[in-house]
Amino acid sequence: MAATDIARQVGEGCRTVPLAGHVGFDSLPDQLVNKSVSQGFCFNILCVGETGLGKSTLMDTLFNTKFEGEPATHTQPGVQLRSNTYDLQESNVGLKLTIVSTVGFGDQINKEDSYKPIMEFIDAQFEAYLQEELKIRRVLHTYHDSRIHACLYFIAPTGHSLKSLDLVTMKKLDSKVNIIPIIAKSDAISKSELTKFKIKITSELVSNGVQIYQFPTDDESVAEINGTMNAHLPFAVIGSTEELKIGNKMMKARQYPWGTVQVENEAHCDFVKLREMLIRINMEDLREQTHSRHYELYRRCKLEEMGFKDTDPDSKPFSLQETYEAKRNEFLGELQKKEEEMRQMFVQRVKEKEAELKEAEKELHEKFDRLKKLHQDEKKKLEDKKKSLDDEVNAFKQRKTAAELLQSQGSQAGGSQTLKRDKEKKKVYNPSVSSGICNPWLCTE
């Protein structure tokens, strides 16, 4: 029998029985309180609004302290989220408070994507908690929960209507966080204008389908006050850390030339209502709504993306092991499919590369053959030219030899003729011969 069937039968067979005497489990609430007090609490607030609306001042006023922080400028290139965590102590209760402010929100000319960094930050906190939940060894009792429990959305006191940026941002965030709209610096407009402004804001939120946080009315102890306070939304607040003496008391107030605005005077603003609803009455409900509604929605969507389901196509319950095995098999099938595709792609690329290399090799061989043939032709031409030059040289040498022979023969013939002529001359001009007298010095005969 499956464990779910056993659990269902146990639930159906549950019956109420009386006790014969005191047992002691009525002290469980006290035990829970003592354990919670010893562990401490955490609360995370996101302040969304344009620069200069008094977000930091209101936080200082709400918690009656001075939080350290650098003032923001209007020169930010984009929206940045600045997170600071503080340890607070009141009586014997410890609170780890995290304040996240949107630096540069609404300061850009193009405000189309101003809400995206806020959504990404909220999702990142959900994802971190989900990763901690999915660990084999979880330490959720010591894990610092950074999920946003309340979003105070600061509305500029224009007195007319909500800006498009405000409507778009709240619409994008209402499924991820508990939105509490407040009119910042409400002393900038008159009482009559403020009343009309509140009605206009509420009407625009309803017409645009923006779901803001409603204080719970299911608990009888707070149902009446929460129902009354729901009608006062959005709260018109004023923040101030300056204390002025009014009558015989020192009170937080803002001094103007025309008079004094008291922060904690409900006739002047809704600061006290905001503090009561946010901190003193509904802080735990905000934490619970964050976990049971917004985080559960994120967790469900994430697990569905991962392939986990509660029921199969036959509407039968799925166990975690079956879901895991099915998802694992599906993943292995996809992995094998991708592996086969990659292998085929690799083989195809290898074949293409081989074809490219063969083509390149063929081109190289053809180029080598062309160069070899060209070299042989050039070599043959050079050999023919060399042979021709050798023939010319041999012919030249033969002509030279013949010329030298002819020259030598000519010179010999010329020498003999010269001697003969000289003899003839001697005979002609010899006086002894002409006279018939032989001169012994000239005549050889």
Side-chain angles (χ1 to χ4, degrees), residues 44-53 55 58 76 78-81 83 100-127 147-184 186 196-216 229-237 270 274 277-278 282 285-302 304-305:
N44 307 317
I45 300 177
L46 171 64
C47 298
V48 181
E50 298 176 2
T51 305
L53 289 180
K55 298 186 291 293
L58 183 63
Q76 297 292 334
V79 180
Q80 299 177 357
L81 279 85
S83 177
V100 183
S101 59
T102 53
V103 180
F105 182 79
D107 291 338
Q108 294 75 35
I109 296 177
N110 184 5
K111 304 177 178 64
E112 183 178 358
D113 298 332
S114 295
Y115 65 90
K116 288 185 178 180
I118 305 173
M119 291 182 61
E120 292 172 357
F121 179 85
I122 296 173
D123 287 342
Q125 312 316 308
F126 285 154
E127 182 65 24
R147 295 173 298 177
I148 301 300
H149 300 124
C151 171
L152 298 181
Y153 196 95
F154 289 70
I155 301 171
T158 60
H160 301 291
S161 62
L162 286 171
K163 299 179 181 179
S164 299
L165 175 63
D166 298 330
L167 285 172
V168 171
T169 304
M170 283 193 279
K171 182 63 178 177
K172 294 292 184 179
L173 298 181
D174 63 357
S175 62
K176 297 179 178 294
V177 70
N178 302 312
I179 300 177
I180 302 177
I182 58 176
I183 302 173
S186 60
K196 294 178 182 179
F197 192 33
K198 281 188 174 186
I199 296 173
K200 182 67 173 177
I201 291 173
T202 304
S203 174
E204 289 183 344
L205 291 177
V206 172
S207 62
N208 287 277
V210 179
Q211 300 292 327
I212 63 174
Y213 174 72
Q214 295 290 320
F215 303 117
M229 291 303 165
N230 283 330
H232 284 82
L233 289 173
F235 294 134
V237 299
D270 297 331
L274 173 65
M277 294 295 99
L278 179 66
N282 297 303
D285 184 74
L286 288 165
R287 287 157 42 93
E288 183 181 348
Q289 285 290 321
T290 299
H291 182 78
S292 62
R293 180 187 170 194
H294 301 297
Y295 172 69
E296 282 299 320
L297 177 61
Y298 177 86
R299 178 178 175 275
R300 185 185 68 195
C301 294
K302 273 291 181 181
E304 287 178 353
E305 288 178 5

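Counting begins at 1 with the first residue of the sequence.
Distance check, rounded to the nearest 0.5 Å: CD1 of Ile148 to CZ of Phe126 gives 8.5 Å. Taking CD1 from Ile180 and CZ from Phe154, the interatomic distance works out to 10.5 Å, rounded to the nearest 0.5 Å. To the nearest 0.5 Å, atom OH of residue Tyr213 and atom CG of residue Asn282 are 4.5 Å apart. In this structure, Leu274 CG and His232 NE2 are separated by 13.0 Å, a value rounded to the nearest 0.5 Å. The CD1 atom of Ile201 sits 9.5 Å away from atom CG of Leu167, with the distance rounded to the nearest 0.5 Å. Here the OG1 atom belonging to Thr102 is positioned 5.0 Å from the NZ atom belonging to Lys55, to the nearest 0.5 angstrom.
In this view, Ser114 satisfies the side chain to side chain donor-acceptor pair (under 3.5 Å) rule with no residue, not counting sequence neighbours. For Lys200, the side chain to side chain donor-acceptor pair (under 3.5 Å) criterion is met by no residue, not counting sequence neighbours.
Between the side chain of Lys172 and the backbone N or O of Lys116, no donor-acceptor pair lies under 3.5 Å. Here the side chain of Asp270 pairs no donor or acceptor atom with the backbone of Phe235 at under 3.5 angstrom. Remark: the backbone N or O of Val210 is not paired with any side-chain donor or acceptor of Asn208 at under 3.5 angstrom. Under the 3.5 Å distance criterion, the side-chain polar atoms of His294 are matched with a main-chain donor or acceptor of Ser175.
Nearest heavy atoms, Gly209 versus Asp174: O-OD2, 3.7 Å. Nearest heavy atoms, Thr202 versus Pro234: OG1-CD, 3.9 Å. Residues Gly106 and Lys111 come closest through the heavy atom pair O-CE, 3.0 Å. In terms of heavy atoms, Leu286 sits closest to Ala150 at CD1-CB, 4.1 Å. When all heavy atoms of Ile179 and Met170 are compared, the pair lying nearest together is CD1-O, 3.5 Å.
For the pair Tyr115 and Val79, the minimum side-chain heavy-atom distance is 4.5 Å or more. You'll find the side chain of Leu46 reaches within 4.5 Å of the side chain of Leu81, heavy atoms only. Using a 4.5 Å heavy-atom threshold, the side chains of Gln125 and Val177 count as separate. Two residues are said to be in side-chain contact when any heavy atoms from C-beta on lie closer than 4.5 Å; Glu296 and Arg300 fail this criterion. Side-chain contact between Thr169 and Phe105 is present, with at least one heavy-atom pair separated by less than 4.5 Å. Taking the side chain as every heavy atom from C-beta outward, Ile155 and Leu162 approach each other to under 4.5 Å. Proximity of Asn178 to Thr290: side-chain heavy atoms (C-beta onward) are separated by under 4.5 Å at one or more points. For the pair Ser186/Val237, no side-chain contact is recorded, criterion being any heavy-atom separation below 4.5 Å from C-beta on.
Ring-plane geometry between His291 and Tyr295 is classed as parallel, the angle between the planes falling under 30 degrees on a 0 to 90 degree scale with a further cut at 60.
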Could you go through the side-chain contact (heavy atoms from CB on, under 4.5 Å) check for Glu50 and Lys163 one step at a time? CA-CA 11 Å; Glu50 298 176 2; Lys163 299 179 181 179; 2.9 Å; yes
One pair to check against side-chain contact (heavy atoms from CB on, under 4.5 Å): Phe197 and Thr158. What are the steps and the verdict? CA-CA 8 Å; Phe197 192 33; Thr158 60; 3.7 Å; yes
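If you run salt bridge (charged side-chain N to carboxylate O under 4.0 Å, His left out) between Asp123 and each of Lys302, Arg299, Arg147, Lys176, only Lys176 comes through. With Cys151 as the partner, the side chain to side chain contact (heavy atoms under 4.5 Å, CB included) test is satisfied by one option alone out of Asn44, Ile118, Val48: Val48.
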